[in-house]
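These numbers were taken from a predicted model, which means no experiment stands behind them.
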Amino acid sequence: MKLIFLYGPPAVGKLTVARELAALTGWRLFHNHLTVNLALALYDLGTPGFIALREQIWFDVFRRALADRLPELIFTFSPENTVPQRFIDGLFAEIAAGGGEVIPIALTASEVEIERRLAAESRHREGKLVDLELYRRVRAAGAFATPVIPNPRLRIDTAEVNPAEAAIRILKLVG
């Protein structure tokens, strides 16, 4: 299995790029908010129950995909400090041990662009972070600095490249 691991801060376009890539390739898409929204139905963000359930769901999905030999899977991820580093380290190790490959791809944009995108209607529909002041507070507190993702194989500035072109660049990398 090739796990296309798209990551970056809020509002860089992870889900938009992932949807373009899925449409282009037919690969399955497992986006972060499928899990986050489910866990939020039961627990508050960052509580022990939320963290444990989110991690359990993530691992269950990846283990099932490996067991079923799913050839490719696109996953979107937003690093934030309620995700323990052991999750990232364990995920990368487990995928490799199962004969798979994690392909980390960093999506970036300037802070000006991120702040502009936070108010997008699509973010409201998906239940994503839309509060500019909250974003600024958590960013200033370092909430997006961890966990650390191992060396990205590709970096794409989504303010410079449209989603379709980003998907093509990823596909060229993955082969």
Side-chain angles (χ1 to χ4, degrees), residues 1-19 22 27-68 70 72-109 111 114-115 117-152:
M1 177 176 80
K2 289 183 181 180
L3 178 60
I4 314 307
F5 192 95
L6 302 179
Y7 71 96
V12 295
K14 296 176 294 293
L15 183 53
T16 304
V17 170
R19 285 180 172 151
W27 298 345
R28 302 289 181 161
L29 169 57
F30 177 45
H31 69 83
N32 190 44
H33 277 272
L34 293 172
T35 302
V36 169
N37 292 347
L38 174 61
L40 284 173
L42 300 171
Y43 301 102
D44 291 334
L45 180 70
T47 61
F50 173 88
I51 293 167
L53 180 59
R54 178 186 58 193
E55 191 169 319
Q56 178 184 348
I57 293 166
W58 281 338
F59 271 120
D60 285 350
V61 168
F62 296 127
R63 287 173 181 147
R64 182 79 259 158
L66 270 173
D68 291 343
L70 199 64
E72 298 90 12
L73 180 61
I74 304 163
F75 178 57
T76 64
F77 179 77
S78 186
E80 51 88 9
N81 64 4
T82 71
V83 179
Q85 185 66 46
R86 69 173 160 66
F87 167 74
I88 296 299
D89 298 342
L91 173 64
F92 280 56
E94 195 163 321
I95 297 294
E101 177 185 15
V102 180
I103 302 170
I105 299 170
L107 300 183
T108 64
E111 284 302 319
I114 287 171
E115 289 189 2
R117 291 178 180 181
L118 280 172
E121 180 56 35
S122 62
R123 295 189 62 77
H124 286 272
R125 283 193 312 271
E126 298 284 346
K128 296 179 175 186
L129 174 62
V130 295
D131 184 316
L132 178 58
E133 291 309 313
L134 176 59
Y135 169 77
R136 287 176 174 165
R137 279 195 312 274
V138 296
R139 183 191 71 217
F144 305 126
T146 61
V148 176
I149 310 304
N151 302 320

Engineer: On a heavy-atom basis, which atom in Pro84 and which in Glu55 lie closest, and how many Å separate them?
Structural biologist: CG-OE1, 3.5 Å
Engineer: To check you understand the geometry: which heavy-atom pair defines the closest contact between Pro79 and Pro147, and what is its length?
Structural biologist: CB-O, 3.8 Å
Engineer: Once you round to the nearest 0.5 Å, how far does CD1 of Ile103 lie from CZ of Phe5?
Structural biologist: 12.5 Å
Engineer: Considering only heavy atoms from C-beta outward, does the side chain of Trp27 approach that of Lys2 to under 4.5 Å?
Structural biologist: no
Engineer: Picking from Ile88, Leu91, Leu6, what satisfies side chain to side chain contact (heavy atoms under 4.5 Å, CB included) with Phe77?
Structural biologist: Ile88
Engineer: Quick one: closest heavy-atom pair of Leu29 and Ala22, and the distance?
Structural biologist: CB-CB, 4.3 Å
Engineer: To the nearest 0.5 Å, what is the distance between CG on Leu15 and CD1 on Ile74?
Structural biologist: 10.5 Å
Engineer: Can you check whether Thr82's main-chain N or O pairs, donor with acceptor, with Arg54's side chain at less than 3.5 Å?
Structural biologist: yes
Engineer: Mind checking whether Phe62 and Phe92 have ring centres under 6.0 Å apart?
Structural biologist: no
Engineer: Looking at every non-hydrogen atom in both residues, tell me the closest pair between Pro104 and Ile149 and how far apart they are.
Structural biologist: CB-CG2, 4.0 Å
Engineer: Can you name the closest pair of heavy atoms from Ala109 and Val12 and give their distance?
Structural biologist: N-CG1, 3.9 Å
Engineer: Given the rule in the side-chain contact (heavy atoms from CB on, under 4.5 Å) test, do Phe30 and Thr35 qualify, once you have shown the distances and angles that lead to the verdict?
Structural biologist: CA-CA 9 Å; Phe30 177 45; Thr35 302; 3.2 Å; yes
Engineer: How far does CD1 of Ile4 sit from OG1 of Thr76, to the nearest 0.5 angstrom?
Structural biologist: 13.0 Å
Engineer: Going from OG1 on Thr146 to CG on Asn81, what distance comes out if it is rounded to the nearest 0.5 angstrom?
Structural biologist: 5.0 Å
Engineer: For Phe75 and Trp58, take the angle between the two ring planes, folded into 0 to 90°, and tell me which bin it lands in: parallel under 30, tilted 30 to 60, perpendicular over 60.
Structural biologist: perpendicular
Engineer: Without swapping roles, check the side chain of Arg139 against the backbone of Phe144 for a donor-acceptor pair under 3.5 Å.
Structural biologist: no
Engineer: State, to 0.1 Å, how close Leu134 and Asp131 come at their nearest heavy-atom pair, and which atoms those are.
Structural biologist: N-OD1, 2.8 Å
Engineer: Using 0.5 Å steps for rounding, measure from the CG atom of Leu118 to the CD1 atom of Ile114.
Structural biologist: 7.5 Å
Engineer: State, yes or no, whether a side-chain contact exists between Lys14 and His31 at a heavy-atom distance under 4.5 Å.
Structural biologist: no
Engineer: Show your reasoning for whether side-chain contact (heavy atoms from CB on, under 4.5 Å) applies to Leu42 and Phe50.
Structural biologist: CA-CA 7 Å; Leu42 300 171; Phe50 173 88; over 6 Å; no
Engineer: Please check if the number of heavy atoms outside Arg28 that lie under 6.0 Å from its CZ is greater than 12.
Structural biologist: no
Engineer: Once you round to the nearest 0.5 Å, how far does OH of Tyr135 lie from CZ of Arg117?
Structural biologist: 11.0 Å
